[in-house]
Amino acid sequence: MVSVDSLVRAAETGKAAGVGESALRPDGTAKVTGRFAYSSDLWIEGMVWATTLRSPYAAARIRSIDTSKALAQPGVHAVLTHEDVPGAKTYGMKSADQPVLAVDEVRYHGEPVALVAADDPETARQAAKLIIVDYEPLTPVTDPMTVLDEGVRPIHPDGNLVRHVKIRHGDLARARAEAEVVVTGEYEVGMQDQAFLGPESGLAIPSEDGGVELYVSSQWLHKDLEQLAPCLGLPPEKVRLTLAGVGGAFGGREDLSVHVHACMLALRLGRPVKMSYNRYESFFGHVHRHPAKMRYEHGATKDGRLVYVKARLVLDGGAYTSTSPVVIANACYFVTGAYDVPNAEIDGLAVFTNNPPCGAMRGFGAVQSAYGCESNMDKLAHELGMDPMELRLRNAMTTGTVLPTGQAVDGPAPVAELLQALRDRPLPPAGGTDLLSLPGGAANTTHGEGVRRGVGYAVGVKAIGYSGGVDDISTARVALAVVNGAPVVSVHTAAAECGQGVTTVQAQVASTELGVSRVVVLPADTQIGDAGSASASRMTWMSTGAVQGACRHIARELLRRASVASGLTALSLGDDQVLDSAGRPVCSIAELVGSDTISHTFEYHHRPTQGIDPETGQGSAHIAFAFAAHRAVVDVDVELGLVKVVELATAQDVGKAMNPLAVEGQIEGGSVQGLGLALMEEILVDREGRVRNPSFTDYLIPTVLDVPPMPISLFEFPHPDSPYGLNGVGEPPTLSSTPAILNALRAATGLPLPNAPIRPDDIALAGSRAASRCR
């Protein structure tokens with residue numbers, strides 16, 4: 001129900017911008033001034049605090065758990081183990097295989113074992129240390145390349161293989177005979193963390209009907225509910241989720257974190273329970289990007305025409321399934337990159353290990369395969385004696401190109417246009433003597449003696465939205481009422497605002513469709529139908545479709561009323577008025593609505609897709625594709641291994657820039673995450689499966705001093721199937737930014753540099769070894 005107070009507040013916020021305008025975000029000022037309420041800021045009278053006891057081992061059997069000393073501590077209200085889980089003991093995004101609390105075995109370092117609720121966070125943490133767990137350590141299996149070998153201990157109840165994806169396209173034997181130049185390369189991508197600044201947190205409040213309300217930072221409230229309710233032993237209607245302020249996500253909030261634990265304690269105690277991870281625990285509390293080991297083989301004619309690609313990818317999924325089956329599929333779909341490749345043989349394996357669980361992260365498998373593909377393309381160009389840009393342009397995908405899955409690209413595929421825009425952009429001037437412009441910066445480690453410059457290119461492609469036959473859905477309820485004499489629109493969806501700006505876009509769509517200047521977007525919760533996940537670069541597309549559909553139903557009703565009252569038919573809506581064909585006001589929208597509330601709920605679906613054949617990988621699996629390209633300019637001190645990214649230029653097709661300012665922010669953010677993966681970001685896991693750097697002291701992310709100028713060339717090629725012709729924006733920049741930087745480093749140093757991220761010793765030590773061989 002829409003309250004009058006909320007509509008009055010909306011009416012006081014001023015006019016909503018329309019589609020295509022650079023609208024300021026309503027939460028922007030509050031966030032930059034520190035007044036925004038994130039999930040970690042939640043508070044309610046009478047709440048207690050909860051914490052988690054986690055396993056110090058990556059693999060161990062649990063002989064017993066003694067909670068008596070913890071329970072005896074003053075201020076401690078409850079200590080729970082797996083025996084206290086009221087319903088299903090496991091949950092999961094794709095397979096319900098992850099224990100709420102470890103039962104008889106732990107399978108990764110940091111797995112939850114017990115919960116404590118106490119008067120304050122410190123009491124809870126100290127009590128957790130008093131829980132005695134008798135472990136029988138096992139030898140962890142941490143090398144993904146060996147987990148399928150005969151005799152390796154089963155890590156997972158279903159075996160050590162998550163999924164094997166096979167794609168067979170064309171005639172590889174004939175293609176190999178035709179190829180005149182063949183290059184192979186082996187590449188590796190490390191485990192990247194989403195590194196969102198807002199830690200996992202939530203507030204669970206028991207309700208009078210025996211259910212529970214959970215306020216939580218999330219990417220997909222309805223999927224959370226689907227997993228949460230069975231674990232609590234409650235029907236879904238007794239579990240209500242409301243989106244709390246989200247401090248970034250990037251895939252790391254798709255899986256459950258505090259959800260079941262906080263609700264279990266709230267139901268046990270009959271009082272509110274808050275659970276908020278610190279930074280250390282956050283590294284164990286969510287999935288990460290899959291580490292990947294990849295082998296590529298490209299075959300081409302002497303003039304640079306691609307003939308075939310053969311590839312094998314192994315992704316380390318860690319201890320539990322999460323979204324690994326879909327991530328490995330997505331990685332395999334785009335192994336051949338944004339190119340026309342007539343023949344392909346692709347094998348992708350996701351495997352279980354005793355390493356931390358991996359799942360969704362921005363780019364969702366396509367980041368890993370883009371890195372391998374674009375690295376090998378540069379290697380092929382070198383072997384051919386061809387400019388890397390020319391090789392890419394010669395093989396660029398176009399509309400109608402048939403993918404290795406057998407699907408033809410039926411939307412825009414402006415790969416050549418993006419690459420040409422980067423090629424034609426002037427290069428930045430050569431570096432000066434200012435320390436901040438040199439590798440190492442203010443550390444004063446170099447004065448330019450061994451600095452070389454390199455330029456690298458890369459292009460990426462990824463599907464938008466859910467693929468493989470999944471019915472993608474988004475629901476919106478739009479209501480139009482009159483408040484203080486003025487029309488006000490309210491929009492209610494379950495769309496998760498993770499910082500990408502979907503709240504703003506919903507207001508823009510409503511204002512555009514109904515011609516109303518005042519719009520309020522209500523909090524996202526599970527009292528409205530599913531909106532799907534804030535992932536797959538789909539949320540703007542799908543939520544726009546839902547809001548637009550609901551608004552157009554209301555608009556038809558308004559125009560019907562206006563036509564009856566005026567006798568005119570060629571009418572439109574704008575500036576809170578009904579307008580005639582000449583744009584003159586006929587009547588106000590407020591007059592037509594009167595004391596009514598006109599509302600409509602609309603469920604939007606994109607056109608159906610198909611699952612791929614399990615033996616050949618053939619099928620029309622995707623609704624749409626998005627493309628981005630990068631040109632990186634780097635300066636490298638080859639003696640010290642220090643790197644300065646001088647410029648990271650982007651060209652991207654966005655279909656329709658719904659909010660150009662927000663679009664640029666998404667592209668910049670994705671590019672910076674790609675820079676982090678190229679040069680510094682990696683979760684380090686030792687042979688015992690232990691995470692060695694769970695803090696922002698040791699897990700490094702780019703700071704403002706690491707971020708170079710990022711000129712952006714926006715292209716708007718409307719997509720034929722989407723509202724307003726828009727396309728997904730958030731993920732594509734992460735695909736091509738990493739390989740562009742690494743290709744620039746290779747150009748500067750002449751070194752193969754097969755691993756991402758690259759560290760100074762990879763350059764300096766490799767260079768010194770090469771020099772000693774020359775001597």
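These figures come from a predicted structure and were not determined experimentally. Residue numbers start at 1 and run along the sequence shown.
- Distance OH/Y371 to OG1/T734: 15.0 Å, rounded to 0.5 Å.
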Give the table of side-chain donor-acceptor pairs shorter than 3.5 Å for residues 458-468, with sequence neighbours excluded, one pair per line with atom names and distance.
| residue | atom | partner | partner atom | Å |
| --- | --- | --- | --- | --- |
| K462 | NZ | E731 | OE1 | 3.0 |
| Y466 | OH | S533 | N | 2.8 |
| S467 | OG | H622 | ND1 | 2.9 |

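- With S369 contributing its side chain and C332 its backbone, the two residues share no donor-acceptor pair below 3.5 Å.
- For K293, the salt bridge (Lys or Arg N to Asp or Glu O under 4.0 Å) test picks out no residue, with sequence neighbours left out.
- To the nearest 0.5 Å, atom CG of residue L228 and atom CG of residue L234 are 8.5 Å apart.
- Between the CG atom in L241 and the CD atom in E213 there is a gap of 10.0 Å [rounded to 0.5 Å].
- Using a 4.5 Å heavy-atom threshold, the side chains of L256 and D224 count as touching.
- Of all the heavy atoms in V152 and N160, the pair that sits closest is CG1-ND2, 3.9 Å.
- The two residues I62 and I65 have their closest heavy-atom pair at CG2-CG1, 3.8 Å.
- Q652 places no side-chain N or O within 3.5 Å of a backbone atom of F627 that could act as its donor or acceptor partner.
- Residues that satisfy the side chain to side chain contact (heavy atoms under 4.5 Å, CB included) test with A495, not counting sequence neighbours, are T493, V502, Q506, A531, M539, S543.
- Counted by atom type alone, D706 and T703 present one or more donor-acceptor pairs between their side chains at under 3.5 Å.
- Put simply, the side chain of L203 reaches to within 4.5 Å of the side chain of I205, judged on heavy atoms.
- Exactly one of Q194, M361, E682, Q192 qualifies for a side-chain contact (heavy atoms from CB on, under 4.5 Å) with H288. That residue is Q194.
- L265 places a side-chain heavy atom less than 4.5 Å from the side chain of L115.
- Residues satisfying the side chain to side chain contact (heavy atoms under 4.5 Å, CB included) criterion with A262, sequence neighbours excluded, are A204, M275.
- Using a 30° and 60° split on the angle between ring planes, F36 and Y38 fall in the perpendicular class, above 60°.
- In this structure a side-chain-to-backbone donor-acceptor pair under 3.5 Å is present from R362 to G730.
- In plain terms, the two heavy atoms of V335 and A311 that are nearest each other are CG1-CB, 3.4 Å.
- Under the 4.5 Å side-chain criterion, counting only non-hydrogen atoms from C-beta, T52 is not in contact with V116.
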Practice prompt. Check the pair R153, N354 against side chain to side chain donor-acceptor pair (under 3.5 Å), reporting the backbone distance first and the verdict last.
Written response: CA-CA 11 Å; R153 177 178 62 83; N354 287 122; 3.0 Å; yes
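- Among pairs with a residue in residues 272-282, those fulfilling salt bridge (Lys or Arg N to Asp or Glu O under 4.0 Å) read R54-E281, at least two apart in sequence or across chains.
- Residues meeting the ring pair (Phe, Tyr, Trp, His ring centres under 6.0 Å) test with Y215, sequence neighbours left out: none.
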Practice prompt. Go through the steps for T526 and H222 under the test side chain to side chain donor-acceptor pair (under 3.5 Å), then give the verdict.
Written response: CA-CA 6 Å; T526 52; H222 283 78; 5.7 Å; no
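- A distance-only check finds no donor-acceptor pair linking the side chain of S375 to the backbone of G372 [under 3.5 Å].
- Under the side chain to side chain contact (heavy atoms under 4.5 Å, CB included) criterion, R125 pairs with T51, P121, E122, sequence neighbours left out.
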Residues 91-101, side-chain donor-acceptor partners within the protein, below 3.5 Å, at least two apart:
| residue | atom | partner | partner atom | Å |
| --- | --- | --- | --- | --- |
| D97 | OD2 | H156 | NE2 | 2.6 |
| D97 | OD2 | T321 | N | 3.0 |
| D97 | OD2 | T321 | OG1 | 2.6 |

Item to complete: Please assess S737 against H630 for the test side chain to side chain donor-acceptor pair (under 3.5 Å), listing each intermediate value before the final yes or no.
Response: CA-CA 6 Å; S737 48; H630 278 84; 4.6 Å; no
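- Side chains of T503 and E497: a donor on one and an acceptor on the other come within 3.5 Å.
- G365 approaches A331 most closely through the heavy-atom pair O-CB, 3.3 Å.
- A distance of 6.0 Å or more separates the ring centres of F196 and F250.
- Side chain of N727 to backbone of F625: a donor-acceptor contact under 3.5 angstrom is found.
- Taking the ring centroids of Y57 and H109, they lie at or beyond the 6.0 Å cut-off.
- Between V691 and I683, the closest side-chain pair of non-hydrogen atoms falls below 4.5 Å.
- Between P140 and A59, the shortest heavy-atom contact is CA-CB, 3.9 Å.
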Discussion item. W541 vs D472, test: side chain to side chain donor-acceptor pair (under 3.5 Å). Steps then yes/no.
Written reply: CA-CA 11 Å; W541 178 324; D472 206 345; over 6 Å; no
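- Applying the salt bridge (Lys or Arg N to Asp or Glu O under 4.0 Å) rule to pairs touching residues 246-267 yields nothing, sequence neighbours excluded.
- The two residues P325 and I328 make their nearest non-hydrogen contact at O-CG2, 3.3 Å.
- Within the structure, salt bridge (Lys or Arg N to Asp or Glu O under 4.0 Å) pairs that include any residue of residues 323-338 do not occur (at least two apart or interchain).
- Checking side-chain atoms of R759 against main-chain N and O of L679 turns up no donor-acceptor pair under 3.5 Å.
- Although no hydrogens or angles enter the test, the distance criterion places a donor-acceptor pair under 3.5 Å between the side chain of Q227 and the main chain of K223.
- Taken from CG in L648 to CD1 in I667, the straight-line distance is 11.5 Å, to the nearest 0.5 Å.
- Judged by distance alone, the side chain of D698 and the main-chain N or O of S695 form no donor-acceptor pair under 3.5 Å.
- Under 3.5 Å, the side chains of Y135 and R61 contain no donor-acceptor pair of N or O atoms.
- The distance between the ring centers of H261 and H259 does not fall below 6.0 angstrom.
- Using modelled atom types, one side-chain atom of Q219 and one backbone atom of G251 make a donor-acceptor pair closer than 3.5 Å.
- Judged purely by distance below 3.5 Å, without hydrogens or angles, the side chains of S40 and S201 never pair a donor atom with an acceptor atom.
- Residue E200 forms a side-chain hydrogen bond (donor to acceptor under 3.5 Å, both in side chains) with just one option from S282, S218, S257, and that option is S282.
- Atom CD of residue Q368 and atom CE of residue M294 lie 7.0 Å apart, to the nearest 0.5 angstrom.
- The side chain to side chain donor-acceptor pair (under 3.5 Å) contacts involving residues 323-337 comprise H290-S324, where partners must be two or more places apart or lie in separate chains.
- Annotation: side chain to side chain contact (heavy atoms under 4.5 Å, CB included) contacts of R692 (sequence neighbours excluded): L684, D686, R690.
- A donor-acceptor pair is defined here as one N or O able to donate and one able to accept, closer than 3.5 Å; no such pair exists between the side chain of E83 and the backbone of T81.
- Contact of the L243 side chain with the V216 side chain is not registered, since no non-hydrogen atoms from C-beta on lie closer than 4.5 Å.
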